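The shown structure was predicted, so the numbers you read here are calculated from the model rather than taken from an experiment.
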Amino acid sequence: MLSIARRRTFQRGEVVFHVDDPADTLHLVVAGRFAVRVQTSVGDIAILNVVGPGEIFGELALIGESARRTATVEALEAAETRSIHRPDFDRLRAEHHEVTEVIVAALAGTVRRLSQHLLEALYMPADKRVLRRLAELARMYAPDGGEAVIPLKQEDLAGLAGTSRATVNRVLRDEAERGTVVLGRGRTTVVDAAALERRVR
């Protein structure tokens with residue numbers, strides 16, 4: 001798959017594609033992170049997911065019948081991907097049928113994540129959902145467990161956790177008092193990831 005991929009680079013805030021754009025390309029993230037955003041029925045913008053190195057987005061473009069994007073994807077920082085276009089992938093799949101398994105595995109991972117988040121939304125208190133999303137982001141931004149600077153606004157965290165900005169603000173202020181996070185303008189810094197992980201188990 002990498003042999004047919006094309007290198008793409010994006011600046012912070014640059015949109016990879018908008019909702020309803022033609023869907024014909026998958027992206028493998030090499031560096032940086034991307035936010036997957038949708039607009040709610042009341043006009044708010046919510047983040048569904050943050051995708052980082054080693055992950056993919058736009059995979060439905062390679063196997064689905066939909067010709068349009070279902071979300072907007074934006075670079076949260078300077079980033080790089082390897083893009084694979086549908087016609088190129090179809091030719092590769094005709095020669096190597098096993099490449100389909102790569103996409104199927106990626107889709108299975110997405111279904112597992114969404115199922116877990118749905119279960120949490122139905123049965124887990126909002127406070128704990130906020131902490132879980134924060135812990136996940138901390139692991140993404142600092143895999144070694146060190147200080148993690150998460151450049152998301154509180155409304156973005158609210159969208160990820162399926163709750164209100166007011167709830168996120170309260171939870172983050174409580175964590176700041178505990179010393180696990182430091183709050184900044186448009187970002188949250190996790191300074192004690194180990195303590196945060198213990199609290200979300």
Handout entry: Nearest-0.5 Å distance that lies between atom CZ in Arg86 and atom OG1 in Thr25
Key = 11.0 Å
Practice task
State, yes or no, whether a side-chain contact exists between Leu152 and Thr188 at a heavy-atom distance under 4.5 Å.
Solution key: no
Practice task
Identify whether Ile84 and Val104 are in the same connected component of the hydrophobic contact network (ILVMFWY, side-chain heavy atoms under 4.5 Å).
Solution key: no
Handout entry: Side chain Arg133, main chain Leu157, donor-acceptor under 3.5 Å
Key = no
Problem - Note, Ile56 side chain near Thr81 side chain (heavy atom, < 4.5 Å) - result: no
Practice task
Would you check, one step at a time, whether the test salt bridge (charged side-chain N to carboxylate O under 4.0 Å, His left out) holds for Asp192 with Arg178?
Solution key: CA-CA 10 Å; Asp192 192 345; Arg178 290 188 175 92; over 6 Å; no
Problem - Criterion salt bridge (charged side-chain N to carboxylate O under 4.0 Å, His left out) on Glu120 and Lys128, from CA distance to verdict - result: CA-CA 9 Å; Glu120 291 177 2; Lys128 193 165 186 178; over 6 Å; no
Practice task
Kindly write out the residues that satisfy side-chain hydrogen bond (donor to acceptor under 3.5 Å, both in side chains) with Thr180, not counting sequence neighbours, or none if the list is empty.
Solution key: Glu175
Exercise for the section: Answer yes or no: is there a side-chain heavy-atom contact under 4.5 Å between Arg7 and Glu80? Expected result: yes
Problem - His27 and Phe57 aromatic ring geometry - parallel, tilted or perpendicular at 30°/60° bounds - result: parallel
Problem - Working for salt bridge (charged side-chain N to carboxylate O under 4.0 Å, His left out), residues Arg93 and Asp90 - result: CA-CA 5 Å; Arg93 183 166 54 176; Asp90 287 343; 3.1 Å; yes
Problem - Any Phe34 side-chain heavy atom under 4.5 Å of Val16 side chain - result: yes
Practice task
Kindly say whether Leu131 contributes a backbone atom to a donor-acceptor pair with the side chain of Arg199 at under 3.5 angstrom?
Solution key: no
Completion exercise
The reported gap from CG in Leu92 to CD in Glu98 (rounded to nearest 0.5 angstrom) is 8.5 Å
Problem - Test item: Arg82 side-chain N/O and Leu28 main-chain N/O as donor-acceptor pair under 3.5 Å - result: no
Exercise for the section: Spell out, as yes or no, whether a donor-acceptor pair under 3.5 Å connects the side chain of Gln116 to the backbone of Arg113. Expected result: no
Practice task
Could you tell me whether the side chain of Arg165 and the main chain of Glu155 form a donor-acceptor pair under 3.5 Å?
Solution key: no
Exercise for the section: Could you grab the distance from atom CZ of Arg33 to atom CG of Leu76, nearest 0.5 Å is fine? Expected result: 9.0 Å
